[in-house]
Amino acid sequence: MLNTYARWCYRILSGQRCAIAFKNDDDEIIFHSSHGEKGTAQGERFPLAGSAAGYVIDQRQTVYVPDLSKAGTKGCVMLHNLGYRSLAMSPLATHGKCFGVITVGYRDRPDRNSDEFQILEVMGQCLAQQLLISEQIAELSEQATSDALTGVRNRHFLDTAAKEVWTDWRENNTAFGFVSLDIDHFKEVNDKHGHLIGDQVLKVFTQRLNSRLRQSDILTRLGGEEFAVLARGTRMTDLPDVGRRLIKAIRSAPFKIGNQRFDVTASFGVAGPTESDASIKDVFKRADDALYAAKRAGRNRIFHAANGTLSEIETDLV
């Protein structure tokens, strides 16, 4: 989309170069897409303070610099050294939000037609609207696939990801494993201390787990105190180590909630796919069976479903 806008702008406004740049949280402007002759390199960044882009973003208005040699800012000086004589710049602004700027560089210095700047301004507004829509869609997608309380993924996201890893395992033999887990005696926390404290326990719990998971692993809250981990790329023989890392994260120290400390434990069941499985639901069921075996054995432990048996995994108590 950005390259298309840069190409359109280049052709419609008859400049020698069009570029699109975004501002970041560090008060810098970063050049992203361009079309035409040589100019500011993609990824190059400048401070917003004292720059033409900074002025355009602050004022939310299109600016024409007729003589780059007199502009004095770093970006304008660099463009002048590359042979550009003038520059038009418009903000990517809409609905009170500004994403950055769109610029057109010229090698001549004539009196530009004001209609050209209106076209540039409209193109900047249209691009900003598309960027805003894309941002809103991404936010809605994140909300639809994440747990509102803890921020981890929800069951809907897990179901979609699980279908993908199942297909990948069937077609390419790409390993994966599944961990089913519950917080032990969580109802007692809610009953004794209230749901607000219980919510904080859930948040700390997910933070502890995420600290021991890889970026490719998917931590999911299924509901209440029930969680699951889809461990992509994990072989059956490595699944016990995944469980050990997670239970160690929970056991490592009491949960501190305000002025209170809670000794939280959890039970785990781990399982991987087998050739006899009809669907990934079979893997989920074995992991659940292992989890309930861990609960029956006294909780705060891990059971592994493998080779048709449920066996406890040894863990080092912390």
Side-chain angles (χ1 to χ4, degrees), residues 145-147 149-166 168-169 174-187 189 198 201-214 216-251 264-274 276-315:
T145 57
S146 297
D147 176 58
L149 175 64
T150 62
V152 302
R153 294 303 183 183
N154 61 17
R155 187 186 292 270
H156 174 70
F157 186 93
L158 174 65
D159 289 343
T160 301
K163 291 176 183 177
E164 293 175 357
V165 298
W166 174 258
D168 202 19
W169 177 72
T174 303
F176 76 92
F178 191 73
V179 184
S180 185
L181 60 145
D182 281 2
I183 301 177
D184 296 331
H185 306 297
F186 181 70
K187 185 176 183 299
V189 176
V201 169
L202 289 171
K203 290 180 180 180
V204 175
F205 184 78
T206 57
Q207 290 166 4
R208 292 273 186 98
L209 295 178
N210 270 325
S211 71
R212 301 298 177 92
L213 291 172
R214 304 167 303 171
S216 58
D217 297 329
I218 300 172
L219 174 60
T220 301
R221 185 183 178 202
L222 301 177
E225 71 276 25
E226 300 175 8
F227 293 84
V229 176
L230 185 61
R232 293 183 286 194
T234 300
R235 298 172 297 182
M236 179 80 78
T237 54
D238 295 328
L239 274 174
D241 287 335
V242 175
R244 290 188 185 101
R245 290 200 311 270
L246 297 179
I247 203 167
K248 186 174 182 180
I250 302 306
R251 292 171 172 174
V264 176
T265 63
S267 302
F268 296 77
V270 300
T274 66
S276 62
D277 291 334
S279 73
I280 197 167
K281 291 181 180 179
D282 294 328
V283 185
F284 290 175
K285 184 179 184 305
R286 280 197 304 279
D288 278 343
D289 290 343
L291 168 62
Y292 290 117
K295 289 182 175 182
R296 289 193 299 269
R299 304 178 188 268
N300 190 24
R301 62 196 68 221
I302 311 165
F303 266 67
H304 187 191
N307 302 318
T309 63
L310 299 172
S311 57
E312 185 172 356
I313 297 171
E314 292 186 6
T315 59

Got a sec, which residues hit salt bridge (Lys or Arg N to Asp or Glu O under 4.0 Å) with Glu226, two or more places apart in sequence or on another chain? none
Partners passing salt bridge (Lys or Arg N to Asp or Glu O under 4.0 Å) against Arg212 (at least two apart in sequence or in another chain): none
Pairs where residues 229-242 contributes a residue and the test salt bridge (Lys or Arg N to Asp or Glu O under 4.0 Å) is met, not counting sequence neighbours: Arg235-Asp238, Asp241-Arg244
Taking salt bridge (Lys or Arg N to Asp or Glu O under 4.0 Å) as the test, write out the residues that go with Asp288, two or more places apart. none
Flag for Thr274-Ser276: side-chain donor and acceptor within less than 3.5 Å: yes
Please list all pairs passing the ring pair (Phe, Tyr, Trp, His ring centres under 6.0 Å) test where one or both residues lie in residues 280-302, with sequence neighbours left out. Phe178-Phe284
Partners passing side-chain hydrogen bond (donor to acceptor under 3.5 Å, both in side chains) against Thr174 (at least two apart in sequence or in another chain): Asp168
Taking distance alone, no hydrogens or angles, what donor-acceptor pairs closer than 3.5 Å link side-chain atoms of residues 201-208 to residues at least two apart or in another chain?
from, atom 1, to, atom 2, distance (Å)
Thr206, OG1, Leu202, O, 3.3
Thr206, OG1, Lys203, O, 2.8
Arg208, NH1, Ala249, O, 3.1
Arg208, NH1, Ile250, O, 3.3
Arg208, NH1, Ala253, O, 3.0
Arg208, NH2, Ala253, O, 3.0
Arg208, NH2, Pro254, O, 3.2

Residue list, side chain to side chain contact (heavy atoms under 4.5 Å, CB included) with Asn210, at least two apart or on another chain: Val152, Leu213, Leu219
Tell me, please, which residues at least two apart from Phe157 pass side chain to side chain contact (heavy atoms under 4.5 Å, CB included). Thr145, Arg153, Asn154, Ala161, Ile218
List the residues meeting salt bridge (Lys or Arg N to Asp or Glu O under 4.0 Å) with Arg214, not counting sequence neighbours, and say none if there are none. Asp217
Counting only heavy atoms from other residues, nucleotides and ligands, does the tally under 6.0 Å from NZ of Lys285 exceed 12? no
Suppose we screen for side chain to side chain contact (heavy atoms under 4.5 Å, CB included). Which residues come up paired with Glu164, at least two apart in sequence or across chains? Thr160
Nearest atoms (heavy-atom pairs only) where Thr237 meets Pro240: O-CD, 3.6 Å
For Arg155, check side chain to side chain contact (heavy atoms under 4.5 Å, CB included) against everything at least two apart and list the hits. Asp159, Leu222
